[in-house]
> 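I am attaching a structure below and will ask some questions about it afterwards.
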There are 2 protein chains.
Amino acid sequence: MRMGEGVEWGLHCCLVLAWLEDEAPLSTGRLAALFELPPVYLKKRLQALVRAGILTSVPGAQGGFKLARPPARITLMDVVAAVEGPDEAFRCTEIRRRGAGAEAPAREFAHACGVAAAMRRADLAWRRELAAQTVADLMAAAPANAPDRARRHYARLRG
Amino acid sequence: MRMGEGVEWGLHCCLVLAWLEDEAPLSTGRLAALFELPPVYLKKRLQALVRAGILTSVPGAQGGFKLARPPARITLMDVVAAVEGPDEAFRCTEIRRRGAGAEAPAREFAHACGVAAAMRRADLAWRRELAAQTVADLMAAAPANAPDRARRHYARLRG
DNA sequence: GACAAACTACTCGGATAGCATCTGTCCGAGTTAACGAGG
DNA sequence: CCTCGTTAACTCGGACAGATGCTATCCGAGTAGTTTGTC
């Protein structure tokens, strides 16, 4: 059970986009250069964030990406769901109905499987924790000089 | 980010092993027949539970698997970690050090990356919820006649 | 100098390989229980 | 009746294909800003 690296990329990109909001929009190439990431593949991931309504894309020359709403209103849950998909990790295949369960009365399956319910409880706790943290919180936790460093590095890319 | 079906299989098998404790050990074939699962692949997953110390295997004729300790002392976290591996879903690749971060002083990386810390917080909430539930809790939540049905179905397999 | 057309730079979306992991199967080695032969 | 060796059933561990999803790249289509050409 492993999470793709697109989540890490997406969150760091949201952070940079929040710091360099006045430089917006930032192109894929510049954004990729800030973290030495493969530009084309990063673009694919950013497009997922656009589809989810977290970023907006500006086409044309000097185009790029910018945040669709203030950092305080972008939760980590939003980004994870956008990149990894909305469905939960555990998928119940209802094996309780197979084999020995085949002869059980149908009403016994009216309520959810106990195993699935337990896994769902854990999944909800995970989602609740992700939804409680925003990109603004990440900005507050970052080193004080990180924004300036990103801004300088970005200016060098433009020059 | 999807979890393999081995977790579902493992939990249901632990449940059956707890119900039919006096019939132990249960062979892979019989256990697989109770849920109509591919026997050989199920065995591979059960071996993972043995390596984790959740089950014990009895070799030889009339051999099979049984619980290594009482159901109340087997948490869902134990089973998930045994089947899916112990490492957490989010893996920080330290992209903060690449590109713009390359010129930052080394001491800035002494504490963990904010993004990784946030994801870790959610992961811990997930693990805490899994560790708080045991196989005994699953037994209590299951339908009252499910154990008897499993026992009858199992007796038919032996006959 | 003003306007329009062509041009450039960029993004979007899909199509396409390469790779890793998950799913599933097979086989040989080792272990135990049951059975049978011999004393 | 007891003992020992053989047979059978089972598990363990690893080795080996197929399927699925993730990583990564490329190309054509569309859009906005810029440049060039014409009046």
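By convention in this document, chain letters (A, B, ...) are assigned in the order of the sequence lines, proteins followed by strands, and residues within each chain are numbered from 1.
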> Quick check: on DNA chain C, is the nucleotide nearest A/R51 upstream (toward 5') of the one nearest B/R2, or the reverse? Name the residue that is more 5'.
A/R51
> Quick check: on DNA chain C, is the nucleotide nearest B/R45 upstream (toward 5') of the one nearest B/G60, or the reverse? Name the residue that is more 5'.
B/R45
> Starting from P on C/dC22, measure out to CH2 on B/W9 and report it in whole angstrom.
14 Å
> Which part of the nucleic acid, if any, lies within reach of A/G6 when heavy atoms closer than 4.0 Å are counted: base, sugar-phosphate only, or nothing?
nothing
> Between D/dC10 and B/S27, is there an OP1 or OP2 to side-chain N/O distance shorter than 4.0 Å?
no
> Taking atom C1' of D/dT25 as reference, at what distance in whole Å does atom CG of A/L37 sit?
15 Å
> Is there a donor-acceptor pair closer than 3.5 Å between any side-chain N or O of A/E88 and the backbone N or O of A/D123?
no
> Taking all non-hydrogen atoms of both residues, which atom of B/F90 and which atom of B/A116 are closest, and how far apart?
CE2-CA, 3.9 Å
> Using a heavy-atom distance cut-off of less than 4.0 Å, which residues of residues 93-101 of chain A contact DNA chain D?
none
> When clusters are formed by joining ILVMFWY residues with side-chain heavy atoms under 4.5 Å apart, either directly or through shared neighbours, do B/V58 and B/Y154 land in the same one?
no
> Can A/R91 and B/E5 be counted as an ion pair, charged N to O under 4.0 angstrom?
no
> I need the CZ-P distance between A/R91 and C/dC22, as an integer number of Å.
14 Å
> Rounded to whole angstroms, how far apart are CD on A/E5 and C1' on C/dA20?
12 Å
> As a test of understanding, state which of B/R97, B/R96, B/R98 forms a salt bridge (Lys or Arg N to Asp or Glu O under 4.0 Å) with A/E36.
B/R98
> A/F65 and side chain to side chain contact (heavy atoms under 4.5 Å, CB included): which single residue from A/V50, A/I54, A/L49 fits?
A/V50
> Can you find a side chain N or O atom of B/S57 that sits less than 4.0 Å from OP1 or OP2 on D/dT11?
no
> How about A/L67 and A/L17: do any of their side-chain heavy atoms sit closer than 4.5 Å?
yes
> How close or far is atom P of D/dG21 from atom NZ of A/K44, stated in whole angstroms?
15 Å
> With a 4.5 Å cut-off on side-chain heavy atoms, are B/E8 and B/M3 touching?
no
> Remember a base hit wins even if backbone is also touched, and classify A/G29 as base, sugar-phosphate or nothing at under 4.0 Å, heavy atoms.
nothing
> Donor-acceptor pair under 3.5 Å: do we get one between B/K43's side chain and the base of D/dG13?
yes
> Atom NZ of B/K66 and atom P of D/dT11: how far apart are they, to the nearest Å?
14 Å
> Taking 4.0 Å as the cut-off, does a side-chain nitrogen or oxygen of A/Y41 come that near to OP1 or OP2 on D/dT25?
no
> Round to a whole Å and report the spacing from CD of A/E8 to C1' of D/dC22.
16 Å
> Between D/dT25, C/dC26, C/dT11, which one does the side chain of A/V40 approach most closely?
D/dT25
> Mind calculating the distance between CG (B/D87) and C1' (C/dT21) to the nearest angstrom?
13 Å
> What contact category does B/Q47 fall into here, base, sugar-phosphate, or nothing, at under 4.0 angstrom with non-hydrogen atoms?
base
